[in-house]
**Student:** 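First, the structure itself, so that you have it in front of you.
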Amino acid sequence: MPDPLHDWTLSPEESIELQRRLAPRVERRDRLDDNAVNVLAGVDIGFEDEGETTRAAVVLLAWPDLEPIEEIVHREPTRIPYIPGLLSFREIPAALGAFEQLSRRPDLVMVDGQGIAHPRRLGVASHLGLWLDLPTIGIAKKRLCGRHGEVPDVRGEWAWLTDRRRKEDPEDVQLDAEGRVIIGAMLRSRQGVKPVIVSPGHRISQATALQWVIACLGRTKLPEPTRLADRLASRRGRRFRDPGSQDTLGLDDGSQTLK
DNA sequence: GCGACAG
DNA sequence: ATCTTGTCGC
C-alpha cells in the first residue's frame, strides 16, 4: 500500500478526499527558529508547449541580504489539468523534482499560491510544506476563497482574509470579531497595486508569515523569494539568458550555483 | 439554484 | 498559467 503522500495520480474526488486527510496535519503554530533562518527559498511553476510541459523553479536566497545563492529549473511532463482547489496535485510533483537537485535545504519556503486560504485549508503552500516537512508561506496574487475589507493604498497596510467556518477547521482557529475564520491577510505590498494574499503554509503562524513576507519586500509587488522564482519559471525570464551558445540548449539540466 | 473559481 | 506591443506613470 503506497504512502498517500506519494500518490499524485488520483481522481479529483480522491484528491479532495486526500486533502481532507492531510489538512489536519498542517501545523499552524510557529515551529521555526527565527534566529536560525539563514536560507530562504522561493518556488514557482510555469508551463510550456501549451501546458504539456511543467517547469518548476526554486531559488535559494541568503538571509538577511536576500541575495540569490542557488537556482534550479526542473522540467517534466504535465500530469493533470488545472482544477481550482486542486492546484497542488498539478504543481507539486515538478516542484519536488527541483528540490531534489538543491545542494541544501532552505529554512523557510515561500510559494506562489495559497497556504491555508483554501476551501479545505490545504493550498499548494501547505501541501508542499507537509511534503518537504519545512515551514512554508503562501503568497498568491488572486483570491481563491474568503472575504475581506478594504486595504488602505499604503505599502505595508493589510486586512484579514476570512472565511466561514468549515468542518476541517481546528477547534482553536483564529476568529475575527464576527466569528469568521482568519485564513490569511491581504497585504498591500506596493502602493497602487492590488494586494497580495499571504497565508500560512505549514509550521508558521499568521503573524510570523506576514512578518517574513514584509521583511522580504522590495519595491515590487512580490517579495524577493517569489519574485525571483517567478522570473525563473516564467517565459519572460528565458529572454534574458545566453543569447549566445545554442548547442547546449536542451542539454542543460537547468541547475547552476551562483557566485 | 446562482456565482466564484490559486496557477 | 499562456498567447502578446505598446504605453502610462513613478
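In what follows, chains carry the letters A, B, and so on, assigned in the order in which the sequence lines appear, proteins first and then strands, with residues in each chain numbered from 1.
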**Student:** Identify, with sequence neighbours excluded, every residue that meets side-chain hydrogen bond (donor to acceptor under 3.5 Å, both in side chains) alongside A:Ser15.
**Tutor:**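 So A:Ser15 forms no side-chain hydrogen bond (donor to acceptor under 3.5 Å, both in side chains) with any residue.
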
**Student:** Mind checking A:Gly123 for me? I need base, sugar-phosphate or nothing, with any heavy atom below 4.0 Å counting as a touch.
**Tutor:**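 Since a base atom lies under 4.0 Å of A:Gly123, the category is base.
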
**Student:** Between A:Asp107 (side chain) and A:Val39 (backbone), is there a donor-acceptor pair under 3.5 Å?
**Tutor:**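 Yes; at least one donor-acceptor contact below 3.5 Å.
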
**Student:** Of all the base pairs, Watson-Crick or G-U under 3.5 Å, which form stems of three or more consecutive pairs involving DNA chain C?
**Tutor:**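 Counting only runs of 3 or more consecutive pairs, none involve DNA chain C.
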
**Student:** Can any side-chain N or O of A:Asp44 pair as donor or acceptor with the backbone N or O of A:Ala57 at less than 3.5 Å?
**Tutor:** no

**Student:** For a quick check of understanding: with a heavy-atom distance under 4.0 Å over all strands, which category does A:Gln114 fall into, base, sugar-phosphate or nothing?
**Tutor:**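 Base: the residue A:Gln114, judged by heavy atoms under 4.0 Å, touches a nucleobase.
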
**Student:** Which residue pairs satisfy the ring-ring contact (aromatic ring centres under 6.0 Å, His included) criterion with at least one member in residues 11-43 of chain A, sequence neighbours excluded?
**Tutor:**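 Counting only pairs at least two positions apart or across chains, no ring-ring contact (aromatic ring centres under 6.0 Å, His included) contact touches residues 11-43 of chain A.
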
**Student:** When the side chains of residues 154-161 of chain A are checked against the rest of the protein, which donor-acceptor pairs come out under 3.5 Å, sequence neighbours left out?
**Tutor:**
from, atom 1, to, atom 2, distance (Å)
A:Arg155, NH1, A:Gly218, O, 2.4

**Student:** Taking salt bridge (charged side-chain N to carboxylate O under 4.0 Å, His left out) as the cut-off, I'd like each qualifying pair that reaches into residues 208-225 of chain A, sequence neighbours left out, listed once.
**Tutor:**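 Of all non-adjacent pairs touching residues 208-225 of chain A, those that pass salt bridge (charged side-chain N to carboxylate O under 4.0 Å, His left out) are A:Glu224-A:Arg227.
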
**Student:** Using a heavy-atom distance cut-off of less than 4.0 Å, which residues of residues 135-146 of chain A contact DNA chain B?
**Tutor:**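 The stretch gives A:Ala140, A:Lys141, A:Lys142, A:Arg143, A:Leu144 as the residues lying under 4.0 Å from the strand, ordered by number.
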
**Student:** Got a list of side-chain donor-acceptor pairs under 3.5 Å for residues 143-151 of chain A, not counting sequence neighbours?
**Tutor:**
from, atom 1, to, atom 2, distance (Å)
A:Arg143, NH1, A:Gly146, O, 3.1

**Student:** Ignoring hydrogens and angles, tell me if any N or O in the side chain of A:Arg55 forms a donor-acceptor pair with the backbone of A:Glu48 under 3.5 Å.
**Tutor:** no

**Student:** How would DNA chain B look in dot-bracket form, 5' to 3', counting Watson-Crick and G-U wobble pairs with both distances under 3.5 Å and writing | for bases paired to another strand?
**Tutor:** .......

**Student:** A:Arg164: which residues meet the side-chain hydrogen bond (donor to acceptor under 3.5 Å, both in side chains) condition with it, sequence neighbours left out?
**Tutor:** none

**Student:** Under 4.0 Å from any heavy atom of chain A: name the first and the last nucleotide of DNA chain B that qualifies, 5' to 3'.
**Tutor:** B:dA4 to B:dG7

**Student:** Kindly state each residue pair satisfying side-chain hydrogen bond (donor to acceptor under 3.5 Å, both in side chains) with at least one member in residues 168-179 of chain A, sequence neighbours excluded.
**Tutor:** A:Arg20-A:Glu168, A:Arg121-A:Asp169

**Student:** Look up atom NE2 in A:His127 and atom CD1 in A:Ile116, then write down how far apart they are to the nearest 0.5 Å.
**Tutor:**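 Answer rounded to 0.5 Å: 15.5 Å.
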
**Student:** Could you run down the sub-3.5 Å N/O contacts of the protein with nucleotides 6-10 of chain C?
**Tutor:**
none

